[in-house]
Structures are given as C-alpha cells and as structure tokens.
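Structure first, then comments.
Per chain, numbering begins at 1; letters A, B, ... match sequence-line order. Nothing here was measured: the structure is a model prediction, and the numbers come from that model.
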Amino acid sequence: MIIQLLNGLQLAMLLFLLSVGLSVVFGLMRFVNLAHGTLFMLGAFVGLSTVEATGSFWLALAAGTLAAAVAGGLLYLGLLRRLQPAGPLKQVLVTFGLIFIGLEVARLVWGDYAERLPGPASLAGATEIFGVYYPTYRLFVIALGLAVAALLHFGLERTRLGAVIRAGVDDRTMTAALGIDIDRVFFAVFVVGCALAGLAGVVAGPVLSVYAGMDMGVLILALVVVVIGGPGSLKGAFAGALLVGMAETFGQVWLPEVAGMLLYGLMAAVLVLRPQGLLPAGPRA
Amino acid sequence: MTPPASHSRHAVALLLAVLAVGYWLASGYYGKELVAETAITAILAMSLSLLVGQAGLVSLGHAAYFGIGAYALAGFGQKLGWPPALAMAAAVAVGALLALVVGWVAVRLAGVFFIMITLAVGEMIHAWFLKDRSFGGVGGMSGVPRLDLSGIGVDLADPAQFALFALAVALLVYLLLDRLVLSPFGQTLRAIHQNEERARALGCPVGRYKLAAFVVAGAVAALAGTLAAQRSAFVSPELMTWTLSGEILIVVIVGGSGSLLGVSAAAALWIGLRHQLSTMTDHWMLAMGVIFVVLVLVAGDGIDGALRGLWRRIAARRAARRAA
Amino acid sequence: MTAPALAAEGLQKSFGALEATRSVTLAVPAGGRHAIIGPNGAGKTTLFNLLSGALMPDAGRVLLGGTDVTRDGPDGRARRGLARSFQRNSLFPEMTVAAALMTASAIADGGAAAFWRRFDRDPARADAAAAIAARVGLADQLGALSGNLAYGAQRQLEIGLALATRPSVLLLDEPTAGMSPEETRAMLALLAGLPRTITILVIEHDMDVVFDLAERVTVLDYGAVLLEGTPADIRTSDVVRRRYLGERTQ
C-alpha cells in the first residue's frame with residue numbers, strides 16, 4: 001500500500017514536471033503544444049546518449065534539459081510565433097504534425113529498440129521509509145518534483161516576472177497595454193516549460209524505458225492533467241498530476257482491466273461537475 | 001460557402017466513381033486492393049468532414065471510432081457468432097454509442113480543449129485494446145467474417161469484388177451525408193460553426209446539435225471500420241492509432257474540409273501517395289509529418305477550394321473577354 | 001387578465017464586490033414598447049444579459065408570458081419566443097442574407113423532422129425570409145454575404161435574424177449604435193413599423209430613439225431602478241435630469 005502510494009507520487013511528480021509547462025503556456029497563450037511529449041522523448045534520448053558517452057547521469061540531466069529547451073525555443077521562434085495571428089487551432093495542429101516528425105527522427109537517430117537509461121550510482125539501492133524499502137532513485141524523483149514545484153511557486157508568487165505571468169494569464173491584453181513585452185514573457189515561459197519536459201524525460205529514463213514512441217503515452221496523461229487541473233495554474237497542474245498519478249497507479253494494480261476507463265471517468269466527472277477544472281487560474285477574488 | 005448545385009455535385013461524384021472503376025478494371029491485384037483502401041478511407045474522411053467542415057469540431061481521435069467498428073464486428077461476428085449483416089449493424093451502433101459517451105463530455109468544450117479531449121480519449125481506447133487479451137492485444141485477431149452476398153452473386157472473399165462493394169458503400173455514404181449536409185440540420189451546424197453565440201440566441205440547443213454530428217460521424221467511421229476488418233479479415237490496435245487520426249485529418253484538410261467529394265478525391269490521392277512513400281522508405285511518416293505541418297501552414301480551402309477558385313478565375317476571364 | 005409578456009422580479013447579480021444589478025423589477029405588457037436607459041455603467045447590459053439568459057441571476061426571477069424561465073439558457077428562452085439583437089453585430093458572416101434568415105427560421109423550427117428535408121429547396125421558407133428582408137430594408141441584398149454588407153445593413157440584418165424566429169418578445173440592445181443620423185431614422189421607422197404582436201424592450205443610449213419609440217421607460221442607476229414612467233414623466237423628472245440628462249447635455 002505504501003509502496004503503491006509512493007509509486008503514485010513518483011508518477012505524479014513526473015507528470016507535474018511534464019504538464020506544468022503545458023498548463024501555464026495554455027493559460028498565457030491559449031494553445032497547447034502537442035509536441036510537448038516529443039520534447040520529453042528528446043530529453044530522454046539526449047540523456048541516454050550523454051550517459052553512454054560520458055557515464056555521468058548528472059551531465060545527462062543537464063544535456064537533456066538543455067536540448068529540450070533549445071528545441072522548444074526554436075519551435076517557438078520558427079513556427080509558433082509566426083502562427084500567433086492565425087489563432088490557436090493552427091498552432092495546435094502544427095504541433096500535432098511535429099509529433100510524426102519527432103517520432104521518425106528519433107527512430108532514425110536512435111533506432112527502434114527500447115533502452116533503459118542507467119540511474120546515477122549514488123542513488124542506487126533502496127532506502128527505508130515509512131517502514132518499507134523503496135528505491136532511492138524514485139525517492140529522488142519525488143523530491144525533485146516537489147522541489148521544482150516549490151521553486152515555481154516561489155517564482156510565480158514572489159518575483160516580478162511571476163507577477164507579470166500571473167497578470168498575463170488573467171488578462172493578456174491588459175498586461176500588454178501596461179507596456180510589458182508580453183512576447184518575451186511568452187517565449188521565456190514556453191522555453192522553461194520545454195526545459196522541464198526535457199528534465200522529466202531524463203528523470204523518467206531509469207524508471208520507464210526509453211524508446212521512439214514513448215512520447216504519446218505521457219502526452220495523453222499530461223493532457224488529462226491539464227484538463228483536470230484547470231489550465232493556466234500551477235496548483236491545478238500539481239493537483240491534477242497527483243490525481244492522475246494515483247488513479248493510474250492504483251488503477252493498474254486493482255483494476256488493470258478498466259484502468260484506462262477510470263482515467264476517462266475521472267476526466268468526464270471533473271469536466272461535467274467543474275468545466276473550468278479543479279483549480280483554474282483566473283482573477284483572484 | 002454555398003455548395004454547387006446538386007446535379008453538378010452528383011455528376012462529379014459519378015465521375016469519381018467511374019474513375020475508380022476504370023482504375024479497378026485496368027489494375028492488377030494490388031491496384032484493386034488500393035481501390036478498396038481508398039473507398040474505406042473516403043468513407044472515414046467523409047465522416048470526419050462532417051465534424052471538421054460543417055460543425056467546426058476538429059477531432060484528433062477519429063480513428064478510435066473506426067477501430068471500434070472493426071473490433072465490434074470481430075466481437076459480434078466471430079466471438080458471438082452473429083450473422084455478419086447483424087454484426088455489422090451492431091458494430092455501427094457501437095460506434096455511435098461510443099461517440100455518444102465521449103461526445104457527451106467533449107462537445108461541452110470548445111476549440112483547443114475539444115482537440116485535447118478527442119486525442120486523449122482516442123489514445124485511451126487504443127491503449128485499452130493494446131492491453132486487452134481477449135481480442136489478442138498488440139497482435140490483434142484474425143478470422144473476422146465477411147458479409148455474405150452470394151444471394152446476389154457477389155463473393156466478398158474475392159478482393160476484386162470486395163473493392164467494388166466498398167466503392168458502392170462509399171457512394172451510398174456520400175449520398176446519405178450529402179443529404180444531411182443540405183438539410184436544415186447541416187445548415188444549423190454551419191451556423192454554429194460560424195457563430196455559436198448567435199445560433200444559441202436564436203434558440204439552437206448547440207450542444208445537442210454538436211453531439212448529434214459527433215454521433216453520426218462516429219457511426220459512419222465505425223461503418224468504415226467494419227469494412228476494413230472484412231477486407232483483411234483481421235483486426236488490430238493499429239486500426240485506432242493517433243497516426244491514423246492524423247492521416248485522416250490531413251485528407252480532410254487537403255480535400256477542403258467541408259466538401260464530401262473533395263475529401264474523397266483527397267483520400268484517393270493520399271492512399272496513392274502513402275503507397276508510393278511506404279515502398280520507398282520505412283520512415284514514410286516523416287514525410288507525412290512534414291506534409292501535415294506544411295498543409296496547416298498554407299491550408300486554404302483544399303483541393304475543392306482550389307478547383308473552384310480556378311473555375312471562378314476562368315469564368316471571370318471569359319466574362320472579361322465577352323465584355324471586351 | 002393576462003400575464004405581462006416579459007417580467008423581471010427582484011433580479012440581483014454581483015460580480016465579486018460589484019453589485020451590477022440590484023433588485024430590478026419591471027413588467028412589459030403584451031405588445032408594449034419599453035425602454036431602459038441609464039448612464040454608462042448603470043448595469044443596462046448586465047440586465048439585458050439576465051433577461052436574455054446569457055447570465056444567470058444570483059436572485060430573482062425572469063418570466064415570459066407568465067412562465068418562469070429563470071433556469072433556461074439563452075436557447076431555451078429563445079424557443080419560448082424571446083429573440084434578441086446584439087449591440088455589436090453578431091451575424092453568420094459567410095452566409096448570404098437569404099441563407100442567414102432562412103437559417104434563423106430553421107433553427108426556430110428545430111426538431112428532428114428537419115433531418116431529411118432539403119434546406120435549399122424550401123420555397124415557403126425562402127419566401128418568409130424574403131418577406132423579412134423586405135421588412136428590414138434588405139430586399140435588394142438577399143444574395144449578398146452577411147460579412148460583406150455595409151455596417152448599417154448589418155444592423156438591419158441583426159434585427160432581421162431576430163424577427164426570423166417569429167418572436168413574441170424582442171430584446172433590442174442599442175439597435176442604432178454606431179449609425180449615422182439617416183440610418184438611425186430608417187431604423188426607427190423599421191422598429192415603429194413592427195406589429196403589436198411583438199413586445200419590445202429596448203436598451204438605448206440615444207434619447208431621441210427612446211422618446212420616439214417607448215411608451216414606458218425605466219431609468220437604471222448603479223444597477224437599481226431609479227425611476228419608471230412614461231417618456232413625459234422621465235423628461236420632466238428632476239432626479240433623471242440631474243443624474244442622466246444633465247450629464248449628457250453638459
């Protein structure tokens with residue numbers, strides 16, 4: 001039971017890293033980057049290659065994060081920004097096309113076989129917690145997720161940039177009218193979101209296996225997180241990730257036959273009862 | 001956008017059918033397979049065209065209804081041993097039912113959210129059949145029965161005859177959907193697409209109309225799925241992947257989203273192109289992704305719109321010459 | 001004894017700390033011509049949205065011909081005979097005038113029987129649409145795309161769409177907004193010519209329009225009813241003069 005809880009928490013933290021970028025970008029720019037899972041996969045593959053070349057997991061962590069950030073930045077400057085006037089629908093469809101490209105490029109560069117990214121030696125083995133032995137690396141994943149959540153929370157609530165982002169989510173034209181260069185804020189947020197997806201990819205490497213096509217499954221979960229949590233909000237992404245992570249983990253254990261439906265049921269219930277999501281961003285009363 | 005007069009549309013439909021039959025006559029075994037595949041793809045694309053082109057609902061999970069139709073036929077026809085005709089009808093009903101359950105939630109959402117939900121649910125259904133053992137999991141299941149048309153002298157086990165049968169079904173679906181598009185129902189969908197708030201203020205229960213469109217599209221996609229399962233006598237989760245949903249959306253965009261004949265022509269073009277690409281490389285999906293991105297970047301009215309634009313230009317030039 | 005065609009009872013609506021509508025009560029008898037005026041920010045638009053169903057009130061009721069429709073959305077109220085025009089033109093830009101008017105009447109008919117009839121081959125509906133186009137002064141523009149019409153013509157189509165649903169109550173949101181003096185005069189003639197089978201409630205900025213058209217006027221101020229009376233009452237009221245007319249003539 002405790003093990004399952006920890007497993008759920010671990011998956012939730014991975015999902016949080018992945019979906020927080022999607023969610024805040026949606027809140028700011030009203031579109032969702034369907035190639036976000038592809039950046040996750042890119043992070044994992046670049047991490048894998050880095051480990052194979054240098055043997056250092058920590059270097060891999062940095063490289064995978066950086067690669068996703070750079071790819072995201074290029075994607076934004078090269079495609080998405082130009083499509084801004086055409087509206088969110090075109091932006092979303094373009095990123096859907098990029099999934100195909102990303103998948104085939106990954107197959108061309110890294111081949112068709114699944115591989116496991118070795119975790120850092122320092123985090124090998126298990127640690128006793130709440131009376132059970134649990135893999136140390138997975139505890140690290142949980143801690144990392146919590147740390148990033150805390151950092152983002154601090155950044156959003158306490159810094160000037162954070163205030164601008166919150167204002168942008170609430171009222172974009174108003175923020176632009178205040179003389180803030182909203183486009184640069186969009187760019188920064190988008191790139192940070194992509195970097196976090198890459199980070200999640202590397203971190204997930206030792207837990208899930210790395211293969212071309214690993215992006216779709218996590219993308220779907222991340223989309224569900226965004227829909228359930230309410231787009232645009234950090235707390236929503238966190239709550240949604242917890243809910244989806246737990247539902248997915250316990251569903252697979254207790255009701256493996258209907259685990260997929262459980263997720264749909266959860267999403268349907270939230271959307272019917274609270275169409276705006278659990279903890280949506282928006283004007284604070 | 002007002003569709004051209006019925007007789008000219010039906011003439012084009014007939015022309016497309018004649019072209020397909022001509023190709024069928026001239027080609028060998030593989031060409032006949034392509035005709036069957038084109039007909040099935042055209043049906044699937046026409047069903048999505050109703051959603052995208054008329055109602056403005058961009059679904060990225062349409063393959064799920066195609067796949068569920070195929071699996072339902074396998075389930076009823078093979079596992080339960082129902083007569084194939086009954087199993088086929090039941091499979092179409094299952095497609096409609098699934099669309100009803102998914103649509104009930106999805107049509108409450110607009111734009112980007114609708115895309116996210118349809119993609120997510122489509123992949124959930126796909127994932128379910130990947131894991132599910134009773135239908136063979138990843139490997140799928142063979143031995144799906146075919147419709148018995150020996151009463152009218154047609155043997156559907158013969159791929160050549162099956163291709164013609166699929167073509168006939170596609171023509172029937174065209175006539176049916178064409179009628180629907182021209183009905184007050186279709187007109188109301190276009191009204192919702194153009195201005196949802198106004199349609200609601202005029203008394204339109206917008207959600208119910210969108211749901212109805214979603215269910216019709218799901219049922220027709222399931223019908224296409226039953227044909228696909230009969231063609232190969234085989235079902236697998238491949239039938240419901242997101243890549244197929246993407247392919248169909250490309251076909252619909254290329255064909256000019258709202259035009260049933262445009263998307264049918266685009267289906268033929270796409271099947272031909274994919275066949276060429278896949279014989280050349282294992283990585284044909286890369287080309288597909290590039291086509292997809294470029295299409296979205298430049299997409300105007302698709303094939304149908306381009307032809308009509310050409311026609312307008314010719315007509316304008318003629319008028320100018322006459323005036324001169 | 002007949003119930004008023006449209007009635008509001010103690011309507012209340014707040015946005016956060018802002019009380020946009022404060023216990024507004026009004027009743028328009030069948031065939032009546034009623035206007036709502038008030039300075040900017042008086043809560044006219046909020047009240048309009050509460051009446052049309054675009055907003056749900058925090059408290060109070062909306063009645064159509066004596067039936068409580070408070071819980072119905074905009075479409076449900078429209079099916080009960082309430083039609084509205086929009087302050088900013090809200091049309092079907094890619095439809096011709098004829099198609100848009102036919103669409104509005106088809107939507108009003110609703111029903112599943114509509115599945116198998118042909119929309120484009122319905123002479124009765126086309127005739128009805130042409131009659132409405134003539135009524136709103138668009139008889140010679142039936143074939144023009146709604147989105148390509150001149151602004152004034154779009155305002156006329158705005159009214160035409162509402163009329164095409166054969167309403168019993170018509171809510172008009174600043175029908176002459178943005179119009180030139182001539183266009184305003186034409187619009188006034190159009191509205192004055194509407195049959196008494198239609199009850200009209202109009203929100204207006206233009207005092208001439210209000211005094212010309214309405215039999216009863218409600219003055220809103222800070223979300224509450226300041227005064228209700230005949231146009232003559234309003235014209236001579238000191239309170240209104242100070243709060244509203246005075247402001248405008250300064």
Side-chain angles (χ1 to χ4, degrees), chain A residues 22 26 29-35 38 79 82-83 86-108 112 213 216-217 219-228 231 252 256-265 267-272 275 277, chain B residues 52 56-58 60-61 98 101-134 241-243 245-247 249-250 252-253 281-299:
Chain A
L22 275 184
F26 186 94
M29 300 180 238
R30 298 283 175 268
F31 78 89
V32 70
N33 172 18
L34 293 179
T38 306
L79 272 179
R82 281 158 212 252
L83 279 175
L89 210 62
K90 277 206 165 190
Q91 291 173 314
V92 175
L93 288 178
V94 157
T95 61
F96 183 68
L98 293 176
I99 305 180
F100 290 89
I101 297 176
L103 179 63
E104 289 300 328
V105 168
R107 283 181 64 206
L108 281 167
D112 278 332
M216 209 55 194
L219 172 69
I220 298 309
L221 290 178
L223 290 181
V224 176
V225 167
V226 173
V227 169
I228 286 184
Q252 299 290 2
E257 286 293 307
V258 294
M261 300 218 191
L262 190 70
L263 220 49
Y264 173 74
M267 189 166 69
V270 169
L271 284 175
V272 171
Chain B
V52 177
L57 296 168
V58 180
L60 278 185
L98 179 69
V101 172
V102 175
W104 185 68
V105 173
V107 300
R108 293 159 196 260
L109 307 167
V112 174
F113 260 81
F114 184 83
I115 290 187
M116 286 163 68
I117 285 283
T118 49
L119 176 64
V121 174
E123 269 306 291
M124 283 179 195
I125 295 166
H126 175 224
W128 201 59
F129 279 98
L130 276 178
K131 270 186 218 147
D132 181 72
R133 290 270 142 242
S134 52
T241 52
W242 58 272
T243 55
S245 297
E247 280 182 46
L249 191 60
I250 291 185
V252 168
I253 294 174
T281 164
D282 178 34
H283 297 279
W284 61 273
M285 264 207 277
L286 183 63
M288 193 188 132
V290 173
I291 294 173
F292 195 111
V293 169
V294 170
L295 259 181
V296 173
L297 289 178
V298 302

Could you pull out the closest heavy-atom pair between [X] and [Y], with the gap in Å?
| X | Y | value |
| --- | --- | --- |
| B:V293 | A:V94 | CG2-O, 3.8 Å |
| B:L286 | A:E104 | N-CG, 3.2 Å |
| A:V224 | B:M124 | CG2-CE, 3.5 Å |
| B:F292 | A:L93 | CE2-O, 3.1 Å |

message = Using heavy-atom distances under 4.5 Å, tell me whether A:L108 contacts chain B through its side chain, its backbone, both, or neither.
response =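 For A:L108, the contact with chain B is made by backbone and side chain together.
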
request  = Check whether A:L98 gets within reach of chain B through its side chain, its backbone, both or neither, counting any heavy atom under 4.5 Å.
outcome  =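 Both backbone and side chain.
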
query = Hey, mind stepping through B:L60 and A:L34 against side chain to side chain contact (heavy atoms under 4.5 Å, CB included) and telling me if it holds?
reply = CA-CA 11 Å; B:L60 278 185; A:L34 293 179; 3.6 Å; yes

inquiry  = Does any part of the side chain of A:I101, heavy atoms only, come nearer than 4.5 Å to the side chain of B:M288, both counted from C-beta?
reply    =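 Not in contact.
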
query = Does the side chain of B:D282 reach to within under 4.5 Å of the side chain of A:R107, using non-hydrogen atoms?
reply =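 Side-chain contact under 4.5 Å: yes.
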
request  = Considering only heavy atoms and a distance below 4.5 Å, find which of A:M267, A:M216, A:Q91 pairs most often with chain B.
outcome  =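 Most pairs with chain B among the choices: A:M216.
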
Side chain, backbone, both or neither of [X] within contact of chain A (heavy atoms, under 4.5 Å):
| X | value |
| --- | --- |
| B:V121 | side chain |
| B:A120 | both |
| B:L249 | side chain |

request  = Could you check A:L223 against B:I117 for side chain to side chain contact (heavy atoms under 4.5 Å, CB included), going step by step and ending with a plain yes or no?
outcome  = CA-CA 8 Å; A:L223 290 181; B:I117 285 283; over 6 Å; no

inquiry  = Is the distance from the ring center of A:F100 to that of B:W242 below 6.0 Å?
reply    =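 Ring centroids of A:F100 and B:W242 are less than 6.0 Å from each other.
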
task = Sort out for me which of B:R108, B:H283, B:H126, B:M116 touches chain A most, counting heavy-atom pairs under 4.5 Å.
result =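 Answer, by heavy-atom pair count under 4.5 Å with chain A: B:H283.
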
message = Could you go through B:I115 and A:V32, starting from their C-alpha distance and side-chain angles, then the distance that decides it, and tell me whether this counts as side chain to side chain contact (heavy atoms under 4.5 Å, CB included)?
response = CA-CA 10 Å; B:I115 290 187; A:V32 70; 5.9 Å; no

query = Going by the salt bridge (charged side-chain N to carboxylate O under 4.0 Å, His left out) test, which pairs reach into residues 93-102 of chain A, not counting sequence neighbours?
reply =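 Passing the test, one end in residues 93-102 of chain A: no pairs.
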
message = Applying salt bridge (Lys or Arg N to Asp or Glu O under 4.0 Å), can you list everything that pairs with B:E123, at least two apart in sequence or on another chain?
response =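 Once residues adjacent in sequence are excluded, B:E123 has no partner under the salt bridge (Lys or Arg N to Asp or Glu O under 4.0 Å) criterion.
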
